[in-house]
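In the text below, chain A, chain B and the rest are named by the order of the sequence lines, each starting its count at 1. Basis for what follows: all heavy atoms, side chains included, without hydrogens, waters or symmetry-related copies. This structure is a prediction, so every number in the text was calculated from the model and none was measured.
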Protein chains: 2
Amino acid sequence: MNHLPLRRMPNRNYVEAQARIFKALGHPSRLLMAEALLEGPLCVAELQHLVGADMSTVSRHLAVLKSADIVSDEKRGLHVYYSLKLTGLGQFLTSTSAALDKRVQERQAQLTAMMAP
Amino acid sequence: MNHLPLRRMPNRNYVEAQARIFKALGHPSRLLMAEALLEGPLCVAELQHLVGADMSTVSRHLAVLKSADIVSDEKRGLHVYYSLKLTGLGQFLTSTSAALDKRVQERQAQLTAMMAP
DNA sequence: TGCTTATTTTGCAAATTATGCAAATAAACG
DNA sequence: CGTTTATTTGCATAATTTGCAAAATAAGCA
């Protein structure tokens, strides 16, 4: 009878599993790849071009994202395509972007105030 | 004329700043504290009791959350109260919780299928 | 079958970063 | 002052990240 979205009790294991998701996204290269996958699936070579790192490094980053269940992979011919599996990431990035924008604006305002005599 | 929420280009600095947010939440103690703060402000002693770690450790974790602009602090008498500053966290946690639940259910289903003769 | 391409995995070494604990420090209040 | 609450710092230990190179897989093609 409960139509509201449920949230788990702060169970240890649960929190650790959630923390693993955040941790996986807590690296610029991995977050960049996840953001790119918001638009649709990409193969490893494309992701490598995006982040500009060694392919073995990219592959390892992808393994981290996969083990956190953030992405899924599918082989098509010679290529392996990665897709975003975690829903709600786009929305959350929108809020963090807004927060960052606000921070930048506040800095601007402070500077402006300091410049005024 | 664009009423849709904008998302930044995957600018280097921008992605790094966003990654810092995820990284900050990528630790069980910090995520637990952030989740608790969804309900309202708490002082350091209360948060310490929640995570069960040394107060200096808690303080450092809080400093990490603060430097990522996830929380804000305010002194009231002898106590310092922390509040959640980052909007959208609750929603995102709801989606990650759902994802985790699904994963658990899938494991259950696999086990059940294996048990069936 | 052999050859090529795409991707993963592994091992290693170096650099960076994170962690907890304990002691010192600061800030508010009576 | 003395007490309480919180932050900072120093230190030792552990974990992560990265590049590079080499080996291993796996799929498609001649």
Counting only side-chain N and O atoms of Tyr82(A), is one of them less than 4.0 Å from OP1 or OP2 of dT8(C)?
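So the side-chain polar atoms of Tyr82(A) do come within 4.0 Å of the phosphate oxygens OP1 or OP2 of dT8(C), strictly under.
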Do Leu78(B) and Val44(B) sit in the same hydrophobic cluster, where Ile, Leu, Val, Met, Phe, Trp and Tyr count as joined when their side-chain heavy atoms come under 4.5 Å apart?
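The answer is no; the residues belong to distinct hydrophobic clusters.
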Determine, using the 4.5 Å side-chain heavy-atom cutoff (strictly less than), whether Val64(B) and Leu86(B) are members of one ILVMFWY cluster.
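Per the 4.5 Å side-chain linkage, Val64(B) and Leu86(B) are not co-clustered.
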Looking at residues at least two apart in the chain, or sitting in another chain, which of them share a side-chain contact (heavy atoms from CB on, under 4.5 Å) with [X]?
X        : answer
Thr87(B) : Ser95(A)
Ser67(A) : none
Ala68(A) : Ala24(A), Ile70(A)

The complete set of salt bridge (Lys or Arg N to Asp or Glu O under 4.0 Å) pairs with one or both residues in residues 80-99 of chain B, sequence neighbours excluded, reads Asp69(B)-Lys85(B)
How does protein reach along nucleotides 18-30 of chain C, written 5' to 3' as B (base within reach of a heavy atom under 4.0 Å), S (only sugar-phosphate), or - (no contact)?
SSBBB-----BS-
Once side chain to side chain donor-acceptor pair (under 3.5 Å) is applied, do any residues pair with Lys66(B), and if so which ones, sequence neighbours excluded?
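Scan of Lys66(B) (side chain to side chain donor-acceptor pair (under 3.5 Å), adjacent residues dropped) gives Asp73(B).
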Applying salt bridge (Lys or Arg N to Asp or Glu O under 4.0 Å), can you list everything that pairs with Glu46(B), at least two apart in sequence or on another chain?
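Checked Glu46(B) against salt bridge (Lys or Arg N to Asp or Glu O under 4.0 Å); zero matches.
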Tabulate below the donor-acceptor pairs under 3.5 Å that side-chain atoms of residues 49-59 of chain B make, not counting sequence neighbours, or state none.
unit_1: Asp54(B); atom_1: OD2; unit_2: Ser56(B); atom_2: N; d: 3.1
unit_1: Asp54(B); atom_1: OD2; unit_2: Ser56(B); atom_2: OG; d: 2.7

What's Tyr81(A) touching, base or sugar-phosphate or nothing? Going by heavy atoms closer than 4.0 Å.
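The answer is nothing, as Tyr81(A) stays clear of every strand by at least 4.0 Å.
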Separation of [X] atom [atom1] from [N] atom [atom2], in whole Å?
X        : N      : atom1 : atom2 : answer
Leu65(A) : dT7(C) : CG    : C1'   : 16 Å
His79(A) : dT8(C) : NE2   : C1'   : 15 Å
Leu62(A) : dA6(C) : CG    : P     : 16 Å
Glu46(A) : dA6(C) : CD    : C1'   : 12 Å

With a strict under 4.0 Å distance from non-hydrogen atoms of chain A, what nucleotide opens and what nucleotide closes the contacted stretch of DNA chain D, reading 5' to 3'?
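The footprint of chain A covers dT16(D) to dG28(D).
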Which angle, rounded to 10°, do you find between the first-five-pair axis and the last-five-pair axis of the helix from dT1(C)-dA30(D) to dG30(C)-dC1(D)?
30°
Which heavy-atom pair separates Gln18(B) from Leu31(A) by the least distance, and what is that distance?
CB-CD2, 3.5 Å
Pair listing, ring pair (Phe, Tyr, Trp, His ring centres under 6.0 Å) test, anchored in residues 58-99 of chain B, at least two apart:
Phe22(A)-Phe92(B), Phe92(A)-Phe92(B), His27(B)-His61(B)
